[in-house]
Each structure stands twice: as C-alpha cells, then as structure tokens.
Amino acid sequence: GKLYIFDEDLADGYKYIYQVYPYTTKGTRGNASNALAVTWKKPPAPPTGVKAIGSDGMIELSWTPEKGYYYNVYRLEGTTYPLFALNDKPVTVTLFTDAGLENGKKYIYEVRKTIREEGVWREGEGVRAEAVPADNLPPPAPHSVRAVKAPQGGVTVSWEAEAPEDILGFNLYRIVGEQKEKLNKDPLKEEVFFDRLVPNVRYVAYYVTAIDMSGNESDPSSEAVIL
C-alpha cells in the first residue's frame with residue numbers, strides 16, 4: 001500500500017522540498033500533498049567489523065560499535081533490495097540474532113549505520129555478510145551406563161539417554177588398556193547392547209555417546225567397568 005522513490009542526486013547541506021501529486025488514468029493532476037522539507041547531510045560511513053555466524057536454525061550478526069550511532073540489519077531475499085530492516089527500530093547494541101531459519105540455506109545480510117539529526121534518520125551504505133545455519137550442537141551424553149557379565153559369557157551393556165527429536169542413535173565404545181574400539185558399525189537404536197567378543201583380560205570398560213541426525217556426537221558418558 002506504499003510507493004517509494006529514491007532521490008540520489010543530492011548535495012551536502014542543501015535543503016530539498018518534496019511534494020507528491022496524484023494523477024488519474026487520463027492524466028489529470030490532483031492537488032499536491034503536504035510539503036516535506038529535508039536538509040541533506042552526508043550519511044554515516046559503513047559500519048566496520050561486520051560478521052555473520054550460523055548455528056542451529058539461526059544466524060548471529062555482530063559489528064564494531066561506534067559512539068553516537070544506531071544500526072539497522074537487513075536480510076536480502078534473492079535479488080530484491082530490502083526496504084525494511086529486520087529490527088523494529090534502530091538499535092544501539094552491536095549484536096543481532098535472526099532465528100527461525102532453514103539449516104543448510106545461505107542467508108545474506110546488510111548492516112547499515114544510522115543517526116538521527118533534527119528529527120530525521122540518516123542511513124549510510126551497508127556492509128554485507130553471509131552465513132549458513134547448521135545444527136552443530138551435540139545431543140546430551142547418555143547416563144546410567146551399566147555393564148553386567150552374562151553367565152554364558154559376554155557382557156550386557158545398558159544405558160539411559162534423553163530423547164531429542166533429532167536423535168539418530170548411539171555409539172558404544174569398549175576400552176581395553178589404552179585402546180578403545182567402537183563396537184557398532186551403524187548407530188544403535190536401542191539402549192542396550194550385548195558384547196559377545198569380550199577379550200579375556202582383567203579390566204574392560206565401556207562408555208556410550210549419542211549421535212544426532214546432523215552427525216554431531218555427544219560427550220562420552222561415564223564408564224562402566226567389568227573386572
């Protein structure tokens with residue numbers, strides 16, 4: 001419901017007055033709008049230190065603060081130049097988070113410095129930065145790991161774990177001396193595993209990790225020891 005026009009041939013310090021005239025489809029001109037007077041001053045220089053860092057479903061933008069200035073953050077959509085900032089009003093903080101994004105998709109942003117003088121916001125050229133959000137947060141580590149010898153030989157290892165929506169499964173590791181070995185080829189779907197090939201040694205330990213759909217592996221659980 002709004003129309004915009006850019007006037008780019010302006011001189012620093014000059015006052016410009018604008019009015020809008022409506023026209024009918026037959027070319028008849030209507031009455032003028034109110035007059036808008038603007039004294040043009042050189043806009044702020046581009047901001048410095050602009051960075052964009054992606055994480056799970058979001059991108060965090062930051063830049064170097066400069067006293068007396070505000071900032072606007074824009075997200076470019078294709079080749080369309082954005083008219084409206086992502087922030088509701090100019091901000092003084094130098095950190096902005098854009099959330100609810102699609103992982104694996106590249107997003108391009110522009111940060112512009114602005115200042116308010118005589119009731120008019122003056123915005124300068126922006127600096128662009130891009131990032132791709134991705135799930136790089138590992139799931140919680142499993143807990144309550146137990147290892148029990150079976151009468152017929154072998155060891156049953158069980159554990160408990162949180163169940164995030166993107167959990168893929170678990171990896172089980174066996175430690176003998178200073179050597180560790182992952183016992184499963186594919187992520188385990190159940191929270192129990194029977195180790196049939198236990199080495200005939202005095203000390204065997206097990207620990208478990210969780211792995212999510214993005215391949216992030218959790219910290220190791222506490223170890224369960226078989227003597």
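All residue numbers refer to positions in the sequence shown, counting from 1.
- For the ring-ring contact (aromatic ring centres under 6.0 Å, His included) test, residues two or more places apart in sequence or in another chain that qualify with Tyr207 are Tyr173.
- Of the possible polar contacts, none joining the Ser214 side chain to the Asn216 backbone as a donor-acceptor pair under 3.5 Å is found.
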Sequence neighbours left out, cut at 3.5 Å: what donor-acceptor pairs do the side chains of residues 149-165 make with other protein atoms?
residue: Lys149; atom: NZ; partner: Leu227; partner atom: O; Å: 2.8

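- Between Glu66 and Lys113 a salt bridge is recorded (basic side-chain N to carboxylate O distance below 4.0 Å).
- Judged by distance alone, the side chain of Tyr4 and the main-chain N or O of Leu83 form no donor-acceptor pair under 3.5 Å.
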Candidate pair Thr209 and Glu217, rule side chain to side chain donor-acceptor pair (under 3.5 Å), full reasoning: CA-CA 7 Å; Thr209 61; Glu217 189 171 19; 2.6 Å; yes
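- Taking CG from Asn171 and CG from Leu168, the interatomic distance works out to 9.0 Å, rounded to the nearest 0.5 Å.
- The salt bridge (Lys or Arg N to Asp or Glu O under 4.0 Å) check on Glu110 picks up Arg112, Arg128, with sequence neighbours excluded.
- Considering every non-hydrogen atom in both Ala141 and Asp219, the closest pair reads CB-O, 3.2 Å.
- Summarising the local packing, CD of Gln19 is surrounded by more than 12 heavy atoms from other residues, nucleotides or ligands at distances under 6.0 Å.
- Here the side chains of Leu76 and Tyr109 are not in contact, with every heavy-atom distance at 4.5 Å or above.
- The backbone N or O of Val208 sits less than 3.5 Å from a side-chain atom of Ser221, completing a donor-acceptor pair.
- Contact detail for Trp63 and Leu61: the closest heavy-atom pair is CZ3-O, 3.9 Å.
- Side chains of Thr28 and Tyr23 form no contact here, defined as non-hydrogen atoms less than 4.5 Å apart.
- Between Arg174 and Asp195 there is a salt bridge, since at least one side-chain N of the basic residue sits less than 4.0 Å from a carboxylate O of the acidic one.
- Shortest non-hydrogen contact noted between Thr39 and Lys15 is OG1-CE, 3.7 Å.
- Qualifying ring-ring contact (aromatic ring centres under 6.0 Å, His included) partners for Tyr70, counting only residues two or more places apart in sequence or in other chains: Trp121.
- Of the options Tyr18, Trp40, Tyr16, a side chain to side chain donor-acceptor pair (under 3.5 Å) to Asp7 is made by Tyr18 and by none of the others.
- Put simply, CG on Leu197 and CZ on Phe194 are 9.5 Å apart, with the number rounded to the nearest 0.5 Å.
- Shown here for Asn184 and Leu188, the closest heavy-atom pair between the two residues is CB-CD2, 3.7 Å.
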For residues 42-59, run the donor-acceptor check on the side chains, cut-off 3.5 Å, and write out each pair with its distance to 0.1 Å, sequence neighbours left out.
residue: Asp56; atom: OD1; partner: Asn103; partner atom: ND2; Å: 3.0

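- The two residues Leu137 and Asp212 make their nearest non-hydrogen contact at O-OD2, 3.3 Å.
- With hydrogens and angles disregarded, no donor-acceptor distance shorter than 3.5 Å links the side chain of Ser218 to the backbone of Pro138.
- Contact annotation: the side chain of Tyr71 never approaches that of Pro90 to less than 4.5 Å [non-hydrogen atoms, C-beta and beyond].
- Residue pairs satisfying the salt bridge (Lys or Arg N to Asp or Glu O under 4.0 Å) criterion with at least one member in residues 75-85, sequence neighbours excluded, are listed as follows: Arg75-Glu77, Arg75-Asp98.
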